[in-house]
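The structure appears right after this line, and notes come after that.
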Amino acid sequence: KNVCELVRDAGDPPGKLAAATRLAEIGQRQIPNVQNPTLEAMAVLGQRPVVDFLLGLAENAQVGDAQRTAALEALAGKVGPADVDRLLAIGANERAPVDARWEALGLLGDRRDASILPRLWPLLATPEKRVRLQVGQLILNLGGPGAVSDFLHRLPATGRTEYHEDEVNQ
């Protein structure tokens, strides 16, 4: 109930910032089991304190896989240039849940920032098929036709590499 009231009452920019700060404090007290209404309110409200909290939650190995992924889902449309390094680190972290890695890379794609392409190439070598699929789509979407040749040359070429069905059929 408190969370819903915070979101409802946040009107002007200072009010939204205050509500976001309070929401991040509420979420901090709920770790490692942040409640869904709190995450939903954060998804609606956004603001820097909420973005920082959600990225921290997604990075926290002590939090369950589903919550780490839900934290990233709540960031849709709310990440900026300051968040790129953290999202790339989550996407590259082989100990992070695959779904969280997928979401982090998807958020990078939403930014449409081709300057991250050099940092994506190494992720094509990941053994995780779903992550490699997301990285490949991201590289081709951001790099356009000019990236195709380089993309094909950088794909893992070992006989042991297994590809996701969607990687092969696209």
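Start at 1 with the first residue, then count along the sequence. None of the values given here were measured: they were computed from a predicted structure.
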Between E25 and T21, is a side chain to side chain contact (heavy atoms under 4.5 Å, CB included) present by the stated rule, with each step listed?
CA-CA 6 Å; E25 291 168 0; T21 301; 3.8 Å; yes
Side chain to side chain contact (heavy atoms under 4.5 Å, CB included) evaluation trace for I26 with Q30:
CA-CA 7 Å; I26 290 169; Q30 293 176 353; 3.6 Å; yes
Take L72 and R68 through the side chain to side chain contact (heavy atoms under 4.5 Å, CB included) test and state the conclusion after the steps.
CA-CA 7 Å; L72 290 163; R68 292 173 76 181; 5.9 Å; no
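Under the 4.5 Å side-chain criterion, counting only non-hydrogen atoms from C-beta, N141 is in contact with R112.
Of the charged side-chain nitrogens involved, none lies within less than 4.0 Å of a carboxylate oxygen, so that K78 and D110 do not count as a salt-bridged pair. Under the 4.0 Å criterion applied to side-chain N and carboxylate O atoms, D99 and R130 are assigned as salt-bridge partners. Using a cut-off of 4.0 Å between Lys/Arg side-chain N and Asp/Glu carboxylate O, E128 and R101 are scored as not salt-bridged.
Although no hydrogens or angles enter the test, the distance criterion places a donor-acceptor pair under 3.5 Å between the side chain of Q67 and the main chain of V34. Judged by distance alone, the side chain of D52 and the main-chain N or O of P49 form no donor-acceptor pair under 3.5 Å. Remark: the backbone N or O of A92 is not paired with any side-chain donor or acceptor of E94 at under 3.5 angstrom.
For the atom pair CG (L39) and CG (L54), the distance works out to 6.5 Å, reported to the nearest 0.5 Å. L123 contributes atom CG, which lies 9.0 Å from atom CG of L138 (distance to the nearest 0.5 angstrom). In this structure, CG on L23 lies 7.0 Å from OG1 on T38, to the nearest 0.5 angstrom. Here the CD-CZ distance, from Q28 to F53, works out to 5.5 Å after rounding to the nearest 0.5 Å.
Closest approach of R119 and P122 over heavy atoms only: O-CD, 3.6 Å.
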